[in-house]
Amino acid sequence: MFILLLGAPGSGKGTQGKVLAERLGLPKITTGDILRAAVRAETPLGREAKKYMDAGSLVPDSVILGLIKEELAKPEAQQGAVLDGFPRTAAQAELVDRTLAERGQRLNHILLLDVPEEELVRRMTGRAADEGRSDDTPDAIRTRLQVYQRDTAPLIAHYAERGIVKRVPGVGGVDDIATEIKRVIGR
Ligand code: ADP
């Protein structure tokens with residue numbers, strides 16, 4: 001089973017994705033974590049990605065499409081996965097759809113974590129103090145929210161046509177949200 005977590009930055013995709021992946025015994029693929037690890041290791045990918053990430057922009061598809069292909073090709077991702085942080089653009093969505101279709105698979109559920117913008121800003125600003133993420137600065141936060149609305153939110157309509165988008169309120173306790181997700185996907 002392939003489950004996509006969709007939602008604005010700060011909506012809790014990482015937190016809920018982890019709970020969900022552990023509960024269902026699925027691997028979680030998180031492009032943001034992969035990119036941050038590459039930045040830390042100062043690999044060519046990391047050096048290329050860092051400037052976009054720090055600004056709050058998307059890393060270009062020319063870089064990300066290869067990364068997505070590689071991740072979906074891994075043995076542990078053959079039977080299912082929780083996708084966190086991608087697809088985030090139309091081109092990424094096309095690649096994911098096509099790759100799964102070629103294997104006779106598809107995205108089974110798309111969970112849209114719904115959180116009001118003031119709460120998103122509050123969470124990201126708080127996280128900046130705790131985790132020191134270099135893209136949790138006020139300017140980068142603003143850009144990330146704009147980029148989400150412009151490039152990623154249109155994917156909701158793309159997938160809604162297939163009737164697989166489930167909206168989940170993303171405000172409340174972590175356990176309550178996880179319970180709602182369980183209810184919505186029926187397992
Ligand atoms: P958030 O959802 O809070 O923005 P992520 O960890 O998903 O956090 O992403 C952090 C940054 O990593 C993004 O702002 C972007 O620069 C980069 N990134 C992550 N995933 C992708 C992706 N699929 N396509 C392009 N850029 C990405």
Side-chain angles (χ1 to χ4, degrees), residues 2-18 20-21 28-73 77 81-100 107 110-156 158-159 168 170-171 177:
F2 288 86
I3 302 173
L4 165 58
L5 284 159
L6 207 54
S11 60
K13 300 183 298 288
T15 305
Q16 289 302 328
K18 183 164 183 285
L20 183 62
K28 178 162 94 88
I29 307 174
T30 307
T31 43
D33 286 351
I34 296 167
L35 293 169
R36 276 184 289 277
V39 170
R40 275 196 303 277
E42 297 183 24
T43 65
L45 168 67
R47 274 195 286 271
E48 173 70 10
K50 184 174 171 31
K51 50 183 186 276
Y52 298 101
M53 296 173 77
D54 285 351
S57 314
L58 291 185
V59 177
D61 280 339
S62 55
V63 174
I64 296 290
L65 294 177
L67 177 70
I68 291 177
K69 243 187 219 163
E70 221 172 275
E71 289 300 316
L72 292 178
V82 173
L83 313 186
D84 167 14
F86 79 101
R88 225 174 174 106
T89 64
Q92 292 178 24
E94 249 165 63
L95 174 66
V96 171
D97 291 348
R98 188 175 55 209
T99 305
L100 295 183
L107 289 173
I110 296 179
L111 300 169
L112 176 60
L113 283 170
D114 204 2
V115 176
E117 183 151 326
E118 318 83 73
E119 173 68 11
L120 296 172
V121 173
R122 206 181 56 76
R123 287 183 187 179
M124 285 188 274
T125 309
R127 191 168 67 182
D130 293 347
E131 295 175 17
R133 253 178 70 164
S134 54
D135 60 351
D136 280 341
T137 61
D139 278 352
I141 289 172
R142 209 170 309 120
T143 304
R144 283 157 64 206
L145 289 169
Q146 284 166 357
V147 167
Y148 173 76
Q149 288 305 336
R150 187 189 66 204
D151 294 336
T152 306
L155 298 184
I156 301 166
H158 166 76
Y159 287 122
V168 177
V171 183
I177 299 168

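Counting starts at 1 for both ligands and their atoms, in listed order. Note that these values count all heavy atoms, side chains included, but never hydrogens, waters or copies made by symmetry.
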Identify the closest protein heavy atom to atom 27 (C) of ligand 1: which residue and atom is it, and at what distance? Leu35 CD1, 3.8 Å
The atoms of ligand 1 lying under 4.0 Å from a heavy atom of Gly85, numbered in the order shown, are 20 (N), 21 (C), 22 (C), 23 (N)
Per-residue contact class, Arg144 against ligand 1 - non-hydrogen pairs under 4.0 Å: side chain
I'd like to know if Arg127 and Asp130 make a salt bridge, using a cut-off of under 4.0 Å between side-chain N and carboxylate O. no
Nearest non-hydrogen protein atom to atom 12 (O) of ligand 1, with distance, is Met53 CE, 3.5 Å
Residue, atom name and distance, where the atom is the protein heavy atom closest to atom 22 (C) of ligand 1: Arg88 CD, 3.6 Å
Would you mind checking if Arg122 and Glu118 are paired as a salt bridge, meaning a charged N to carboxylate O distance below 4.0 Å? no
Matching residue for Arg144 among Asp151, Asp135, Asp54 - test: salt bridge (Lys or Arg N to Asp or Glu O under 4.0 Å): Asp135
If you measure from each heavy atom of Arg127 to ligand 1, is any distance below 4.0 Å? yes
Among the heavy atoms of Lys51, does any lie under 4.0 Å from an atom of ligand 1? no
Please classify the Ser57 to ligand 1 contact at 4.0 Å (heavy-atom distances, strictly less than): side chain, backbone, both or neither. backbone
Atom 25 (C) of ligand 1 [closest protein heavy-atom partner, distance rounded to 0.1 Å]: Val59 O, 3.2 Å
Heavy atom of the protein closest to atom 24 (N) of ligand 1 (residue, atom name, distance): Gln92 NE2, 2.9 Å
May I ask whether Met124 has any heavy atom positioned less than 4.0 angstrom from an atom of ligand 1? no
Part of Asp135 within contact of ligand 1 (heavy atoms, under 4.0 Å): side chain
